[in-house]
Amino acid sequence: MTMRKPMMAGNWKMNKTPAEATELALAIREAVGHIADVECVVCPTFVSLATVCKTLDGSNIRVGAQNVHWADSGAYTGEVSPPMLKGLADYVIIGHSERREYFGDTDELVNKKVLAALKHELKVILCVGETLAQNEAKQTHELVSYQVATALAGVADRQMANVVIAYEPVWAIGTGRAATATQAQTVCCDTVRFTLRGIYGDEIANAVRVLYGGSTNPNNIAEIMQQADIDGALIGGASLKAEDYAAMVNTTASVYA
Ligand code: PGA
């Protein structure tokens, strides 16, 4: 079996002022900054990247952005480019369902952003996942497979070392209704990894980390992390509380010990 290092990534969404983000980052650093066996990533808003980066400097915790534009620079008011994130973020979340729903991030745009981020050596957390209606219509496999393949069009084999995929069923995000561990495992294995295998072959498909996201918390994380094809979580609400986030990191460390 391939050993994939587990990842607990906190998506802070549009929460926390820079001062509050600094405080949260400090509390997280004190709680889990020494942990080496779980890759911890926190993703604050753009305006807090610099202070969070500084607060976490010298710890094991990595920083991610929540979005990126595909161009290097230009007349794109309000946007932030990959070169601007260099030195402030190791990771960038791309294709989150909230971006797809509210900000017009289509599969094609997601693909452009993925290619741009990888070109500038940012690591990508690519989000995919079906809505409730798609789930009920039994379109999950087809849709998620399409999202993965489209987002990765043109991504070279060697670049896949810098890609993490987060399966986040839209109906589970922020609803308190997580997918069951078995449901999540099935999609992560039979759809996400299966699709990767078709494109990149066994070795790469087995090496890519696949996260689950959607209402994860300290109570359900152990069962999720025990699944063979789930290598971590993308955590929204629970990542805003240092104690909850730390509990999830510690649980993951013990599941993998
Ligand atoms: P949640 O969010 O943990 O609050 O459900 C997950 C996400 O949107 O990444």
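All ligand and atom numbering here is 1-based and tracks the order in the structure.
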Please collect all salt bridge (charged side-chain N to carboxylate O under 4.0 Å, His left out) contacts where either partner lies in [range], sequence neighbours excluded, each pair once.
| range | value |
| --- | --- |
| residues 207-218 | E39-R209 |
| residues 152-161 | none |
| residues 215-228 | none |

Check ion pair [X]-[Y] (N to O, under 4.0 angstrom):
| X | Y | result |
| --- | --- | --- |
| D202 | R197 | yes |
| D90 | R62 | yes |
| D107 | R100 | yes |

Applying a heavy-atom distance cut-off of 4.0 Å, which protein residues contact ligand 1?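 For ligand 1, the residues that come within the 4.0 Å heavy-atom cutoff are N11, K13, H96, E168, A172, I173, G174, G214, S215, L234, I235, G236, G237.
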
